[in-house]
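One structure below.
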There are 2 protein chains.
Amino acid sequence: MGAEGGLRERKKLQTRAALADAALRLALEKGPDHVTVEEIAEAADVSVRTFFNYYSHKEHAILGRNPEHLERALERMRSAPAEESPLTTMWFVVHDVLRDLESEGELSRRGELIMSSPALLYQLMLSSIDDERQLTAALAERLGEPVGSTRPALIVSAAGAACRVAMELHKTAPDRPIRELVDEGFQLLAQGIDPAFGPNN
Amino acid sequence: MGAEGGLRERKKLQTRAALADAALRLALEKGPDHVTVEEIAEAADVSVRTFFNYYSHKEHAILGRNPEHLERALERMRSAPAEESPLTTMWFVVHDVLRDLESEGELSRRGELIMSSPALLYQLMLSSIDDERQLTAALAERLGEPVGSTRPALIVSAAGAACRVAMELHKTAPDRPIRELVDEGFQLLAQGIDPAFGPNN
DNA sequence: GCAGCTTCTTGCACTCACTGCAAACTATTA
DNA sequence: TAATAGTTTGCAGTGAGTGCAAGAAGCTGC
């Protein structure tokens with residue numbers, strides 16, 4: 001892991017990580033709604049005010065969101081081979097993130113935690129929505145479609161839905177790995193969720 | 001409109017409506033982030049504490065969420081003819097809600113407001129998630145599928161995604177009516193969002 | 001019409017999230 | 001080592017949201 005820059009940079013990264021760690025640990029221990037920012041800050045040995053210099057919301061710290069993920073996703077999207085179908089690109093993007101989270105060994109626990117707490121889910125959605133907008137824009141450009149067209153937006157958004165469904169189902173059936181559930185969802189989306197659809201038959 | 005029950009009942013409905021109205025009006029006027037509960041309560045001529053007796057979150061009042069919608073949706077889902085395909089049922093459910101919102105004459109303004117405010121969008125999603133769970137359960141039962149299966153959950157969730165995409169697109173292109181955008185999304189979901197999908201080709 | 005019950009409203013005190021500001025502190029750079 | 005630029009912190013303040021207990025108001029039986 002590249003420890004670039006001077007002491008200052010390193011300290012910032014350290015503090016950020018310490019806050020995220022403490023936040024996740026405490027949230028797992030006491031339930032996300034019963035952790036206060038004060039506790040998190042104390043556990044990370046900084047002041048409350050400093051906490052807010054790093055994370056604007058309590059939930060951000062617990063989610064420990066890595067901005068790098070979005071960056072990589074956008075990059076992957078832009079550099080995808082021309083013949084790769086859009087949902088396939090999304091699939092790679094999603095699995096890339098999953099790989100990262102898994103290697104941190106917290107995919108499952110964190111996923112469960114997220115799905116169990118409205119506030120967390122909500123914050124995750126917040127960032128998802130922002131991400132979705134950017135991913136949609138990137139995908140639309142890649143497909144050469146106008147900004148207002150439905151398909152790219154729907155592909156991104158439906159892929160997000162598939163991920164959320166996968167997490168939710170994994171929570172109730174932990175024996176089915178998330179990847180498998182995600183793949184199933186993507187497969188369904190790809191081929192059509194309901195070929196018999198026809199409200200005006 | 002049936003004014004059931006005694007004075008008490010009516011007053012409660014009145015207060016609830018007054019709060020929702022004031023909340024929406026003020027949110028449209030000053031932007032949702034610059035309205036305080038105090039103002040809303042004052043405009044509705046009740047105390048702040050009373051506000052919270054009706055809505056547990058400020059955003060709920062602005063969304064003015066009608067619990068009746070979910071009820072009707074579940075009812076529609078349960079009583080759907082056996083041969084109606086699942087996404088078609090969702091379509092009717094969605095259009096039923098749209099009709100209601102339209103008749104209140106606020107679909108567009110409220111939709112725009114919601115899409116423009118993270119806090120509102122999150123609250124909407126939160127309630128959506130709750131709704132989605134119930135709708136998913138109902139749909140799974142109707143399809144005779146086990147609770148943990150992917151398809152019903154994905155159908156409900158993807159339909160929600162289509163609605164959100166429709167609102168988002170409508171915001172940037174107000175000339176395209178929401179219904180039309182919703183239909184386009186449903187059509188795509190039904191037939192398959194990406195027939196060429198195949199990460200393991 | 002009133003006593004007694006239930007339900008709704010309100011004020012109050014409190015916790016907690018979050019923000020702006022200015023002072024103190026610390027790495028960096030010349 | 002002195003100037004500078006970035007970081008941390010305390011403090012004061014706003015606003016959301018909750019629990020509690022007292023009072024107001026609708027309801028019910030007489």
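The figures here come from the full heavy-atom set of this structure, side chains too, leaving out hydrogens, waters and symmetry mates. Per chain, numbering begins at 1; letters A, B, ... match sequence-line order.
- A heavy atom closer than 4.0 Å to some atom of DNA chain C occurs in Val46(B), Ser47(B), Arg49(B), Thr50(B), these being the qualifying members of residues 40-50 of chain B.
- Taking the six-membered ring where the residue is Trp, His57(B) and His60(B) present perpendicular rings, their angle passing 60° and hence far from 30°.
- For His57(A) and dC18(C), the shortest distance from a side-chain N or O to OP1 or OP2 is below 4.0 Å.
- For the pair Val147(A)/Thr172(B), no side-chain contact is recorded, criterion being any heavy-atom separation below 4.5 Å from C-beta on.
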For nucleotides 1-6 of chain C, list the nitrogen or oxygen atoms of the protein found under 3.5 Å from its nitrogen or oxygen atoms, one pair per line.
from: dT6(C); atom 1: O2; to: Arg8(B); atom 2: NH2; distance (Å): 2.9

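- The interatomic distance linking Ile62(A) (CD1) with dA17(C) (P) rounds to 10 Å, in whole Å.
- A donor-acceptor contact shorter than 3.5 Å is absent between the side chain of Asp194(A) and the backbone of Ala190(B).
- Note: NE2 (His34(A)) to C1' (dT15(C)) measures 13 Å, nearest angstrom.
- One finds a salt bridge joining Arg25(A) and Glu29(A) here, because a Lys/Arg side-chain nitrogen approaches an Asp/Glu carboxylate oxygen to under 4.0 Å.
- Within a 6.0 Å radius of CD in Glu141(A), other residues, nucleotides and ligands contribute 12 heavy atoms or fewer.
- Each of Tyr54(A) and Ser56(B) has a nearest nucleotide on DNA chain D; the 5'-most of these lies closest to Tyr54(A).
- If you measure from atom NZ of Lys58(A) to atom P of dC16(C), you get 10 Å, rounded to the nearest angstrom.
- Taking the charged nitrogens against the carboxylate oxygens, Glu39(A) and Lys30(A) do have a contact shorter than 4.0 Å, which makes a salt bridge.
- Of all nucleotides in DNA chain D, those with any atom nearer than 4.0 Å to a heavy atom of chain A start and finish, going 5' to 3', at dA5(D) to dC11(D).
- Of the N and O atoms on the side chains of Arg164(A) and Ser128(A), not one donor lies less than 3.5 Å from an acceptor on the other residue.
- A donor-acceptor contact closer than 3.5 angstrom links the side chains of Asp183(A) and His95(A).
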